[in-house]
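The structure appears right after this line, and notes come after that.
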2 protein chains.
Amino acid sequence: MRVVVPFDATTPKTRLAPVLDAAERDAFARRMLRDVLDAVGGLSQTDAVDAVDVEVVSTAPLDLATDGERDSGGSRRDRPDDSPVTVHVDDRSLDAVVDDAVAETVGSGDGAPLAVVMADLALATPAALCRLVRTDGDVVLVPGRGVGTNALVVRTPAFRADFHGTSYLDHRRAAADVGTVEAVDSFRLSTDVDEPADLVEAFVHGGERTREWLTARFELAVDEDEGRVSLARR
Amino acid sequence: MRVVVPFDATTPKTRLAPVLDAAERDAFARRMLRDVLDAVGGLSQTDAVDAVDVEVVSTAPLDLATDGERDSGGSRRDRPDDSPVTVHVDDRSLDAVVDDAVAETVGSGDGAPLAVVMADLALATPAALCRLVRTDGDVVLVPGRGVGTNALVVRTPAFRADFHGTSYLDHRRAAADVGTVEAVDSFRLSTDVDEPADLVEAFVHGGERTREWLTARFELAVDEDEGRVSLARR
């Protein structure tokens with residue numbers, strides 16, 4: 001199965017500016033991306049798909065082998081599980097990238113399904129992604145917090161993406177117009193790491209690289225009055 | 001299966017004070033409770049359990065038949081699916097209530113399992129709860145946002161509750177000391193409606209009564225700069 005992971009390599013995670021500076025946001029976004037790629041690659045170790053062809057569509061050149069360094073793009077990295085990851089640079093809108101990928105894959109001769117997984121799903125695991133790719137439906141959606149769309153599987157070439165604003169509701173309507181639509185109920189896939197309050201989820205439940213990066217800089221803090229838990233700088 | 005739903009009928013949902021006044025918080029909390037009870041009752045229509053015995057443990061007397069009215073407690077309501085709901089008044093701590101329920105149920109002669117489901121899981125559905133009660137393990141946990149515990153199934157009488165602070169991590173450790181522990185990956189069950197930002201999830205994905213109450217008072221608002229979606233008063 002082809003899995004597209006769109007990545008903003010230019011100004012990633014701007015809504016984390018209250019707690020991370022620009023260099024930190026850049027490094028943290030790459031950590032999350034690599035955890036997402038590991039989780040997606042792990043799909044090939046399950047019986048949910050025959051093989052997985054992972055493609056990062058990045059707004060700028062990107063070297064996946066290192067944090068914070070960049071190369072001329074088009075890099076390919078052989079991962080422990082042998083799922084190849086390809087990087088393509090494409091600075092068009094997310095909608096244009098996804099629509100083109102749908103046309104190329106679902107609209108092609110064999111009509112293979114396409115999966116799209118956001119690069120900030122730091123809590124993603126192969127098991128959670130298994131449930132996504134195993135769910136039947138012409139369009140299968142994972143809602144994000146705040147009515148976004150965190151991941152989807154498309155099996156009809158008639159679907160068009162619209163990632164602006166209330167995209168989960170918009171995608172549901174658009175999908176219902178062209179086929180069957182299903183949703184996947186997963187905390188791990190519904191938690192995109194966008195805002196400072198989301199960091200605590202990545203700290204506790206995130207992938208290995210994400211947790212390592214966060215635990216070097218933050219610790220859990222409990223507000224005794226409110227019972228609320230957040231992260232505090234070490 | 002015995003399902004305990006703890007309910008704060010005294011000062012519910014104080015962290016929603018920035019957007020709901022005290023009377024609204026009271027009414028809204030009851031709407032969510034009734035949606036949770038419907039979802040729990042719906043378990044009896046599945047093959048996950050033979051029957052479901054639902055018990056609200058309320059900090060104060062509570063009449064489930066009406067919104068905002070109270071009676072002398074101990075009320076029983078026959079619901080469409082015929083799952084009886086019992087209300088018990090108990091103003092002790094959540095830990096004491098859950099520990100007693102574990103002792104009475106799991107520690108009793110037949111060692112039946114006990115489920116605990118929080119009253120503010122407005123997104124709960126029978127399907128999501130099915131996944132909870134069908135997951136094997138001496139203790140099965142559903143993490144809440146902010147490292148809380150939103151629901152659990154207990155199958156060992158040695159487990160003790162500790163709902164303060166980082167309860168999900170504390171419960172994992174306590175459970176691992178006395179048996180096997182599993183977690184359920186569900187956006188619907190991990191979303192407790194505690195803070196203003198959570199209301200948008202209840203508005204979009206919540207149960208019927210919750211959505212009806214919210215849509216009468218709020219509408220979706222998209223911040224065009226940030227792409228963030230929230231609720232605005234009508």
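In what follows, chains carry the letters A, B, and so on, assigned in the order in which the sequence lines appear, proteins first and then strands, with residues in each chain numbered from 1. Note that these values count all heavy atoms, side chains included, but never hydrogens, waters or copies made by symmetry.
For the atom pair CZ (F187(B)) and OG1 (T191(A)), the distance works out to 8.0 Å, reported to the nearest 0.5 Å. Note that OG of S190(A) is 7.0 Å distant from NE2 of H205(B), once rounded to the nearest 0.5 Å.
Interface residue R188(A): backbone and side-chain heavy atoms are both found under 4.5 Å from chain B. Within the 4.5 angstrom heavy-atom criterion, no atom of F163(A) approaches chain B.
Between R145(B) and D198(A), some side-chain heavy-atom pair lies under the 4.5 Å cut-off.
Top candidate by heavy-atom pairs under 4.5 Å with chain A, chosen from V142(B), D194(B), V204(B), D223(B), is V204(B). Interface summary for chain A: among S186(B), S167(B), P143(B), A183(B), the most heavy-atom pairs under 4.5 angstrom belong to S186(B). Highest contact tally toward chain A, considering only V184(B), T166(B), T14(B), is held by T166(B) [criterion: heavy-atom pairs under 4.5 Å].
Using a 4.5 Å heavy-atom cut-off against chain B, the contacting residues of residues 121-131 of chain A are A128(A), R131(A).
Environment of CD in E208(B): sparse, with no more than 12 heavy atoms of neighbouring residues, nucleotides or ligands closer than 6.0 Å. Heavy atoms of other residues, nucleotides or ligands lying less than 6.0 angstrom from CG of D50(B) number 12 at most.
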Check step by step if side chain to side chain contact (heavy atoms under 4.5 Å, CB included) holds for L169(A) and L220(B).
-> CA-CA 11 Å; L169(A) 294 175; L220(B) 288 171; 3.7 Å; yes
Could you walk me through whether D185(B) and D185(A) pass the side chain to side chain contact (heavy atoms under 4.5 Å, CB included) check?
-> CA-CA 8 Å; D185(B) 176 28; D185(A) 175 29; over 6 Å; no
